[in-house]
There are 2 protein chains.
Amino acid sequence: MENTQWLDERETGVWRGFLEASQLLVASMDRHLVRESQLSGAEYAVLAPLSEHADGVVRARDLGKSLGWDRSRLSHLLKRMEARGLLERKNCSSDARGLDVEITPAGRNAIELAAPGHLEFVRTHFFDQLTRDEQDALASASRKIMATLQPECD
Amino acid sequence: MENTQWLDERETGVWRGFLEASQLLVASMDRHLVRESQLSGAEYAVLAPLSEHADGVVRARDLGKSLGWDRSRLSHLLKRMEARGLLERKNCSSDARGLDVEITPAGRNAIELAAPGHLEFVRTHFFDQLTRDEQDALASASRKIMATLQPECD
DNA sequence: TGAAGGTTGTTGACGTGTCACTAAACATGT
DNA sequence: ACATGTTTAGTGACACGTCAACAACCTTCA
């Protein structure tokens with residue numbers, strides 16, 4: 001921990017650039033989503049898997065796992081989303097602890113309205129800006145970074 | 001807007017991977033920072049420029065501009081940080097609207113304690129994981145993405 | 001059976017960021 | 001000098017995520 005290895009100029013640029021760009025991209029995406037379709041990024045992330053599963057039902061546990069979210073966070077959000085009529089919470093038949101989350105027609109409608117604009121945003125601000133090589137580099141960088149964080153999110 | 005261009009499998013992987021990795025990295029970095037030095041990422045971001053300016057004074061406006069933050073966000077955070085004794089808010093001599101933010105000895109101490117561990121985190125979880133080429137690709141990707149968001153954060 | 005330990009979801013308190021609004025001070029042009 | 005518009009900062013209400021604690025349920029194994 002002694003003798004700190006400071007970042008040189010190039011590294012500072014890479015690091016700050018990455019931080020700013022990723023944060024700004026996500027923030028802009030969220031704002032765009034809210035403006036165009038009254039859905040936050042988190043709500044979109046929940047509705048997307050629900051709308052893909054044939055019956056529109058997913059267990060809360062699985063949602064949390066695939067989103068990589070805290071149970072508490074999901075619980076709070078699901079309660080708010082139910083209040084907004086985007087989904088329903090039902091007790092799971094196979095496990096009395098469990099919670100089945102079911103998308104409502106309103107929820108399905110909301111995400112179907114949101115999806116085109118959202119995808120267009122991702123295309124124009126992300127994919128259209130990057131060469132194929134950059135996309136590949138980004139993917140491999142993402143994998144490697146995730147790998148060091150997965151174990152115990154140190 | 002009609003005829004939505006869905007993402008293919010490769011693109012979905014790139015996009016989700018990037019989102020997850022960048023979010024996870026920032027979140028982990030924040031937690032690490034809080035655990036090791038009782039500073040949030042936002043607080044670190046404010047103290048860093050303050051500690052670099054010779055007299056430890058920066059105008060709130062300039063802080064906000066260089067961090068790319070909302071005035072309101074900065075105002076709330078500065079109030080909390082002053083309450084914690086990390087900095088002081090003084091009215092700016094040259095512009096009566098302005099606010100001079102001055103780092104306190106406690107603030108300087110806090111960031112000097114935090115910096116080594118923080119840099120080590122950035123090294124081990126970011127730079128050490130990436131080849132030079134990947135770093136360059138990331139930097140250029142960041143620049144291009146930022147460029148499309150700067151104008152009016154659409 | 002029953003005790004111990006793990007899983008699943010909820011809650012309340014809290015820190016933080018966003019939004020819309022306000023207020024004060026500056027800048028500009030007449 | 002004055003009116004107008006802009007810049008700068010602060011405020012209160014609100015939405016959201018985190019944390020620690022909790023309750024209900026399942027599993028396992030003796």
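For clarity, every value in this text was computed on a predicted model and none was experimentally measured. Here is the naming used below: chain letters follow the sequence lines, and residue numbers restart at 1 for every chain.
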Pair B/Phe126 + A/Phe18: ring centers closer than 6.0 Å |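 Judged by ring-centre distance (under 6.0 Å), B/Phe126 and A/Phe18 do meet the cut-off.
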Which listed nucleotide ([options]) is nearest to the side chain of [X]?
X: A/Arg31; options: C/dC19, C/dT16, D/dA9; value: C/dC19
X: A/Arg97; options: C/dT7, D/dT8, D/dT11; value: C/dT7
X: A/Ser72; options: D/dC16, D/dC19, D/dG10; value: D/dC19

Whole-Å distance separating the [atom1] atom of [X] from the [atom2] atom of [N]:
X: A/Leu63; N: C/dT7; atom1: CG; atom2: C1'; value: 17 Å
X: B/Arg35; N: D/dT18; atom1: CZ; atom2: C1'; value: 14 Å
X: B/Leu99; N: C/dA25; atom1: CG; atom2: C1'; value: 14 Å
X: A/Asp70; N: D/dC19; atom1: CG; atom2: P; value: 7 Å
X: B/Asn91; N: D/dA9; atom1: CG; atom2: C1'; value: 12 Å
X: B/Asp95; N: D/dA9; atom1: CG; atom2: P; value: 8 Å
X: B/Gln23; N: D/dC16; atom1: CD; atom2: P; value: 16 Å
X: B/Leu78; N: D/dT11; atom1: CG; atom2: C1'; value: 14 Å

Are OP1 or OP2 of C/dT16 and a side-chain N or O of B/Arg80 less than 4.0 angstrom apart?
->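 For C/dT16, OP1 or OP2 has a side-chain N or O of B/Arg80 closer than 4.0 Å.
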Give a yes/no on whether any side-chain N or O of A/Lys79 is located under 4.0 angstrom from OP1 or OP2 of C/dT11.
->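 For C/dT11, OP1/OP2 do have a side-chain N/O of A/Lys79 under 4.0 Å.
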Starting at the 5' end of DNA chain D and moving along, which residue's nearest nucleotide shows up first, A/Ala96 or A/Ser40?
->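 It is A/Ser40, whose closest nucleotide lies nearer the 5' terminus.
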So which one's nearest nucleotide on DNA chain C is more toward 5', A/Leu74 or B/Glu43?
->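 Its nearest nucleotide being more 5', the pick is A/Leu74.
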Is [X] touching bases, backbone alone, or none of the nucleic acid, heavy atoms closer than 4.0 Å?
X: A/Arg73; result: base
X: A/Arg89; result: sugar-phosphate
X: B/Arg71; result: base

Do the charged groups of B/Asp95 and B/Arg59 touch, with an N to O distance under 4.0 Å?
->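 Judged by the 4.0 Å cut-off on N to carboxylate O distance, B/Asp95 and B/Arg59 do form a salt bridge.
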Taking atom CZ of A/Arg16 as the centre, report whether more than 12 heavy atoms of other residues, nucleotides or ligands fall under 6.0 Å from it.
->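 Incorrect, the count does not exceed 12.
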Please check if any side-chain donor atom of B/Gln38 sits under 3.5 Å from a side-chain acceptor atom of B/Arg84, or the reverse.
->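 No, no side-chain donor-acceptor pair sits under 3.5 Å.
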A/Ser140 side chain to B/Glu134 side chain, donor-acceptor N/O pair below 3.5 angstrom =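 Yes - a donor-acceptor pair under 3.5 Å links their side chains.
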May I ask you to verify whether the side chain of A/His76 and the base of C/dG12 hold a donor-acceptor pair under 3.5 Å?
->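 Counting by modelled atom types and ignoring angles, a donor-acceptor contact under 3.5 Å is found here.
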